[in-house]
Amino acid sequence: MQVRELIVSSFRSLISNKRRSILTMIGIIIGIASVITILSLGDGARIEMLKNLQADSSGQQSTEITFSPSNDAKVSGFNNDDLARIRANAKVSKVTVQSDDHGILSSEGTINGKSLTASVYLATTANDSEIITGHGLKATDISMDNPVALVSQSIAKKGYRTNRNALNSGIEINGTMYTIVGIINNNAVKGEFYNYDVVVPRHMFENSNATVNANTLKLTFVSGTNISKATTDIKDQLNKIGSQHASGSYEFFDTAAMLKGITAVIKGITYFIVAVASISLFIAGIGVMNMMYIAVSERTQEIGIRMAVGASQKQILWQFLIEAVMLTLSGGMIGYLAGLGVAMGISAFLPFKASVSLSTFLLAFGTSTVVGLVFGILPAKTASNKNLIDILR
């Protein structure tokens, strides 16, 4: 028998017992679907984390260096000489500073349910600079501690899509809700380096007992830079010759190292869950073996006729082995599609998208084939080893 004839014969045998074939495939479908769902969601979570913690949409990477004074005095950890020296570094594309000494702090907040980290300028006088739409902070806002704010165009669009929608809407900064009264330029800056994207009355902000991150230097590097090494070099330089190296210390939290650890943990958890889900494949494989043994028993006469007309033991073995592989492969491909569908459906309710890769397809294809071969070989050998004379009796 030719290979094509073996495949056609195997397919017809499976079709002739549709219900039994479908019920046997269910175990394979569930097992493969579970594995693909878990892998797709795990990879999606890992990729989203890498994107958020490591690089922006243009591929540039950012880190932060903070200055911690050795006493409770409020001092600015970075002066213009420090910033100019860092900007001269070819690997650094942008340098921005948040410093309590200059009235600019880094704070957490939300706008229309979306989280953000903003550089907040704490105004002590009326402020209408950089205004695009609306109006600035008035003297009465400062003196009466009115909870009003100016926000940049990018923040307004992030929360409300348009500047007009953002006006008179709310923004929450460190637990306090402010009403947006004006939209400012995205490139608003105080002095030469101190960028900000939110303006609020200082006294109002301080009365809210908000927790802030003072004396923070944000560095943005060109794409492809080893950010851990580059930031460590800058930190070491600041601790040696920085303007306030004698008054405190400059520190850098290495997110890249943390990222590797988190990625390893996510992969470990994903693989563990995959291993547990794979138990269903083992059980499904036993079901395939049982079905094939029943098929061999029911088709004893067919085996005898094939042998009588010249079919070899090898051809009989391959026919039943191909049946087992076709059964598991069909279940595997259906399970692969079902797993992708489930993963996509679940990711619609999550803050990240499931990741589909060629490796998951190859895994489904390879696993299904291996299950068919491993659990189909014994029934196939049993069929090929039958004695023609015993069958004829």
Side-chain angles (χ1 to χ4, degrees), residues 1 3-43 270-303 306 315-347 354 356-384:
M1 294 177 71
V3 174
R4 182 177 177 277
E5 293 176 351
L6 287 173
I7 294 175
V8 172
S9 177
S10 299
F11 180 74
R12 287 175 178 172
S13 298
L14 293 175
I15 292 297
S16 64
N17 294 283
K18 293 180 182 177
R19 184 176 300 175
R20 187 166 65 187
S21 298
I22 291 173
L23 290 174
T24 305
M25 283 195 300
I26 287 177
I28 299 292
I29 293 172
I30 293 174
I32 294 294
S34 301
V35 171
I36 296 302
T37 299
I38 294 166
L39 285 176
S40 298
L41 291 175
D43 285 345
T270 301
Y271 293 151
F272 173 75
I273 298 175
V274 166
V276 173
S278 298
I279 295 174
S280 62
L281 289 175
F282 178 78
I283 297 172
I286 294 175
V288 171
M289 181 183 287
N290 181 58
M291 175 189 164
M292 294 308 299
Y293 270 123
I294 293 173
V296 170
S297 177
E298 290 177 346
R299 293 160 60 188
T300 299
Q301 286 187 336
E302 177 190 332
I303 295 170
R306 289 187 181 278
Q315 289 173 334
I316 299 296
L317 183 145
W318 274 108
Q319 179 182 350
F320 283 90
L321 194 57
I322 289 173
E323 283 185 31
V325 172
M326 287 181 66
L327 187 70
T328 56
L329 198 53
S330 300
M333 293 301 98
I334 296 173
Y336 174 76
L337 296 176
L340 289 184
V342 172
M344 294 298 180
I346 294 175
S347 66
V356 181
S357 63
L358 178 62
S359 61
T360 56
F361 173 79
L362 295 177
L363 177 67
F365 183 88
T367 302
S368 303
T369 304
V370 169
V371 169
L373 290 173
V374 171
F375 291 94
I377 189 67
L378 290 179
K381 279 190 174 181
T382 299
S384 66

Has [X] got a side-chain atom pairing as donor or acceptor with [Y]'s backbone, closer than 3.5 angstrom?
X	Y	value
Thr328	Val325	yes
Ser21	Asn17	yes
Ser297	Tyr293	no
Ser40	Thr37	no

Pairwise distance [atom1]([X]) to [atom2]([Y]) - rounded to 0.5 angstrom:
X	Y	atom1	atom2	value
Leu39	Thr360	CG	OG1	7.5 Å
Phe361	Leu337	CZ	CG	9.0 Å
Gln301	Ile303	CD	CD1	10.5 Å
Met326	Thr369	CE	OG1	12.0 Å
Ser368	Leu363	OG	CG	8.5 Å
Lys381	Ile316	NZ	CD1	16.0 Å

Notebook entry, point to check: Any Lys/Arg nitrogen of Arg12 or Glu323 sitting under 4.0 Å from an Asp/Glu carboxylate oxygen of the other?
Noted result: no

Write down the atom of [X], the atom of [Y], and the distance for their closest heavy-atom approach.
X	Y	answer
Gly331	Ile29	O-CG1, 3.4 Å
Thr24	Leu327	CG2-CD2, 3.6 Å
Gly339	Ile36	C-CG2, 4.1 Å
Gly31	Ser280	CA-OG, 3.1 Å
Val371	Gly285	CG1-CA, 3.9 Å
Ala364	Met333	C-CE, 4.1 Å

Quick check: do [X] and [Y] have side-chain heavy atoms less than 4.5 Å from each other?
X	Y	result
Gln319	Glu302	yes
Ile294	Arg20	yes
Phe375	Met292	no
Ile26	Ile30	yes

Check: Should Met25 and Val288 be marked as a side-chain contact (heavy atoms from CB on, under 4.5 Å) after you check the CA-CA gap, both sets of side-chain angles, and the distance that decides it?
Finding: CA-CA 8 Å; Met25 283 195 300; Val288 171; over 6 Å; no

Item checked: Criterion side-chain contact (heavy atoms from CB on, under 4.5 Å) on Leu358 and Leu362, from CA distance to verdict -> CA-CA 6 Å; Leu358 178 62; Leu362 295 177; 4.0 Å; yes

Next item on the list: Tell me, with the steps shown, if Ile377 and Leu373 meet side-chain contact (heavy atoms from CB on, under 4.5 Å).
Entry: CA-CA 6 Å; Ile377 189 67; Leu373 290 173; over 6 Å; no

